[in-house]
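Side-chain atoms are counted along with the backbone in the values below, which use heavy atoms only and exclude waters and symmetry mates. Chain naming here is simple, since letters A, B, ... match the order of the sequence lines and numbering starts at 1 in each.
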Number of protein chains: 2
Amino acid sequence: MSTSQQAADVFSRACPSREVFEDVTGKWAVLALSALQQGPHRFGELRRRVDGVSEKMLSQTLQVLERDGLVHREVRSATPPHVEYTLTDLGTALAPRLRALIDFVEDALPQVLAARTARDDRP
Amino acid sequence: MSTSQQAADVFSRACPSREVFEDVTGKWAVLALSALQQGPHRFGELRRRVDGVSEKMLSQTLQVLERDGLVHREVRSATPPHVEYTLTDLGTALAPRLRALIDFVEDALPQVLAARTARDDRP
DNA sequence: CCGCATCCTAACAGATACTG
DNA sequence: CAGTATCTGTTAGGATGCGG
């Protein structure tokens, strides 16, 4: 059989990859996926790790990522609830690229702050 | 001299890197930066390349990226206006990592769509 | 041609309270 | 513990019109 799909292109508004791209680069999605790169996490662990995320947003984000096949959700017991989140194979392949982005930003921070200061001087 | 800064950490809400990270992973920022990876662009060219972006959002995005020292803006004539946007050295270093992310999403699209379908079958 | 200013709405995001 | 529900404020983002 042949692949009848033409190549995906995030630059095209109508391409489905655009939506997936936004799921993946979302504010909390990147942090959640990167946290999960270090191994399985429970909901509360993730919440503490991703500083500043609300229960609602984390829950919402995880649902989207699970739907996209990047995160696996497993209920291990019901009383008290114990839910583990892990990366799928696809998520595992994605995580290093997000990590590279995070590392870049963290390393470049001094230069960015310097650029801002320089710009503030001459309006 | 010594660097008195402790390591940046995007997982901490208070760390300045978190804000820079959001600038960089913003919906339009990634696309604009990746477009500029292919060489200098004028405003209108960028607008056409980044399908779906409004003038306002593109303008806003470029201002943020310029402020962060990732994009350089150069006015080349005034009547008619001719403005060129290029990546700075920092932006040039960043672009390949965004490209890697875009490539991943475009390549993974079939798997993501398959995951969604599989999930829709069993609610 | 490039972009800013204004206005307006819809989606997003936080806090709180509640349930299995 | 792991969420859902609701309510409300904030911001993203589109449309339009104008100025350099």
Worksheet entry | Distance in angstrom units between A/Glu22 CD and D/dG13 P, rounded | 8 Å
Item to complete: Of all the heavy-atom pairs spanning B/Val105 and A/Ser17, show the shortest one and how long it is.
Response: CG1-O, 3.7 Å
Between side-chain atoms of residues 51-66 of chain B and protein atoms elsewhere (two or more places apart, or another chain), which donor-acceptor pairs fall under 3.5 Å?
{"from": "B/Asp51", "atom 1": "OD2", "to": "A/Arg13", "atom 2": "N", "distance (Å)": "2.8"}
{"from": "B/Ser54", "atom 1": "OG", "to": "B/Met57", "atom 2": "N", "distance (Å)": "3.2"}
{"from": "B/Thr61", "atom 1": "OG1", "to": "B/Met57", "atom 2": "O", "distance (Å)": "2.7"}

Worksheet item: For B/Glu74 and B/Arg76, what are the C-alpha separation, side-chain angles and deciding distance, and is it a salt bridge (Lys or Arg N to Asp or Glu O under 4.0 Å)?
Response: CA-CA 6 Å; B/Glu74 188 172 3; B/Arg76 300 177 83 84; 3.7 Å; yes
Worksheet item: Where the side chain of B/Arg42 meets the backbone of B/Tyr85, is there a donor-acceptor pair that is under 3.5 Å apart?
Response: no
Item to complete: Give the intermediate values and the outcome of salt bridge (Lys or Arg N to Asp or Glu O under 4.0 Å) for residues A/Arg18 and B/Glu106.
Response: CA-CA 9 Å; A/Arg18 172 75 71 91; B/Glu106 290 180 347; over 6 Å; no
Worksheet entry | Short side-chain to backbone donor-acceptor contact, B/Glu22 and A/Lys27, under 3.5 Å | no
Worksheet item: To the nearest 10 degrees, how far apart in direction are the end axes of the helix from C/dC1-D/dG20 to C/dG20-D/dC1, each fit to five base pairs?
Response: 50°
Item to complete: Could you state the atom-to-atom distance from CZ of B/Arg47 to P of D/dG13 in whole Å?
Response: 14 Å
Discussion item. Between A/His41 (side chain only) and A/Gly39 (backbone N and O only), is there a donor and an acceptor less than 3.5 Å apart?
Written reply: yes
Item to complete: Please figure out whether A/Val53 or A/Ala78 has its closest DNA chain C nucleotide nearer the 5' end.
Response: A/Val53
Practice prompt. Sugar-phosphate means primed atoms, P, OP1 and OP2; the rest is base. With that split, encode nucleotides 1-13 of chain C 5' to 3' as B, S or - using protein heavy atoms under 4.0 Å.
Written response: BSBB-BB-----B
Item to complete: Using atom types as modelled and distance alone, determine if a side-chain donor or acceptor of A/Arg97 lies under 3.5 Å from a backbone N or O of B/Leu101.
Response: no
